[in-house]
Amino acid sequence: EVQLQASGGGLVQAGGSLRLSCAASGFSFDDYVIGWFRQVPGKEREAVSCISRLDDSTYYATSVKGRFTISSDNVKNTAYLQMNNLEPEDTAVYYCNVRQIGVPGQNYWGQGTLVTVSS
């Protein structure tokens, strides 16, 4: 069974920083993308950032470019999201996600961790 253990959420003031971690386990494939989505009440879940296990290529949402940095430890199957210069608009529940490359439906979600940024 695939498990994604997320940590690092919390409460910070605007301009502060947090680092989210997502440790993935329980799967045998290594052709995957791991990353973070976020969601606030009344809005659709949106992709924030992700990184490929195969070539370390990355994706960032326009709203977080220059502020967030994703990285991974392939030995530990763990992804990190360094979040700097946080803004109140970043407040959301952040979900870790793993999906197998080129295989629709092979998509797994973590439990979510709450990030709250105060003004």
Side-chain angles (χ1 to χ4, degrees):
E1 180 180 353
V2 175
Q3 291 191 345
L4 305 176
Q5 300 294 330
S7 62
L11 173 64
V12 297
Q13 295 186 8
S17 299
L18 288 172
R19 190 176 77 153
L20 306 184
S21 299
C22 176
S25 62
F27 57 93
S28 60
F29 56 84
D30 58 7
D31 55 337
Y32 64 85
V33 174
I34 187 168
W36 297 91
F37 290 65
R38 66 186 181 188
Q39 189 170 28
V40 299
K43 296 185 178 180
E44 295 184 351
R45 188 172 298 184
E46 64 173 345
V48 178
S49 183
C50 60
I51 185 168
S52 172
R53 170 68 170 80
L54 295 181
D55 61 6
D56 292 329
S57 61
T58 58
Y59 163 84
Y60 294 95
T62 300
S63 60
V64 307
K65 280 187 175 180
R67 300 188 298 118
F68 293 6
T69 302
I70 193 168
S71 61
S72 65
D73 183 332
N74 292 335
V75 175
K76 297 180 179 180
N77 289 328
T78 300
Y80 306 93
L81 185 66
Q82 180 66 45
M83 309 165 68
N84 296 328
N85 300 315
L86 284 161
E87 304 170 351
E89 291 75 18
D90 296 316
T91 296
V93 177
Y94 285 70
Y95 297 91
C96 185
N97 170 263
V98 169
R99 56 182 172 88
Q100 188 173 9
I101 297 172
V103 184
Q106 294 301 107
N107 197 342
Y108 306 93
W109 295 93
Q111 80 280 11
T113 184
L114 177 63
V115 172
T116 302
V117 184
S118 63
S119 299

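Residues: numbered from 1 along the sequence shown.
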Side-chain donor or acceptor of Gln111 paired with backbone N/O of Ala6 under 3.5 Å
yes
Looking only at heavy atoms, what is the nearest atom pair of Leu4 and Tyr108, with distance?
CD1-O, 3.5 Å
Where at least one partner belongs to residues 7-33, residue pairs that pass salt bridge (Lys or Arg N to Asp or Glu O under 4.0 Å), sequence neighbours excluded
none
Between Gly8 and Leu18, which heavy-atom pair has the shortest distance, and what is it?
O-CD2, 3.8 Å
Given the rule that I, L, V, M, F, W and Y join up when any side-chain heavy atoms are under 4.5 Å apart, are Phe37 and Val64 in one cluster?
no
Other hydrophobic cluster members with Val33, side-chain heavy atoms of Ile/Leu/Val/Met/Phe/Trp/Tyr under 4.5 Å, chained?
Leu54, Ile101
What residues form a ring pair (Phe, Tyr, Trp, His ring centres under 6.0 Å) with Tyr59, not counting sequence neighbours?
none
Find out if a path of hydrophobic residues (ILVMFWY) with successive side-chain heavy-atom gaps under 4.5 Å connects Tyr95 to Val115.
no
Same hydrophobic cluster for Trp36 and Val93, using side-chain heavy-atom links shorter than 4.5 Å among ILVMFWY?
no
Single-linkage hydrophobic cluster, 4.5 Å side-chain cutoff, Trp109 and Leu20 together
no
Donor-acceptor contact present, side-chain Thr58 to main-chain Ile51, <3.5 Å
no
Run the side-chain donor-acceptor check on residues 38-45: report pairs under 3.5 Å with partners two or more places apart or on a different chain.
| residue | atom | partner | partner atom | Å |
| --- | --- | --- | --- | --- |
| Arg38 | NE | Glu46 | OE2 | 2.8 |
| Arg38 | NH1 | Asp90 | OD1 | 3.0 |
| Arg38 | NH1 | Tyr94 | OH | 2.9 |
| Arg38 | NH2 | Glu46 | OE2 | 3.4 |
| Arg38 | NH2 | Ser63 | OG | 3.3 |
| Gln39 | OE1 | Arg45 | NE | 3.3 |
| Gln39 | OE1 | Arg45 | NH2 | 3.3 |
| Gln39 | NE2 | Lys43 | O | 3.3 |

Let me confirm one number: the OG1-CG distance from Thr91 to Leu86, rounded to the nearest 0.5 Å.
8.5 Å
Could you tell me which non-hydrogen atom of Ala47 sits nearest to which non-hydrogen atom of Ala61, and how far apart they are?
O-CB, 3.5 Å
Hey, can you pull the donor-acceptor pairs under 3.5 Å for the side chains in residues 70-84, sequence neighbours left out?
| residue | atom | partner | partner atom | Å |
| --- | --- | --- | --- | --- |
| Ser72 | OG | Asn74 | OD1 | 3.4 |
| Asp73 | OD1 | Val75 | N | 3.1 |
| Asp73 | OD1 | Lys76 | N | 3.2 |
| Asn77 | OD1 | Tyr32 | OH | 3.0 |
| Thr78 | OG1 | Lys76 | O | 3.1 |
| Gln82 | NE2 | Asn84 | OD1 | 3.0 |
| Asn84 | OD1 | Ser17 | OG | 2.9 |

Interatomic spacing from CZ in Phe27 to CD in Gln106 - rounded to 0.5 Å
11.0 Å
With sequence neighbours left out, the residues meeting disulfide bond (SG atoms under 2.5 Å apart) with Cys22 are Cys96
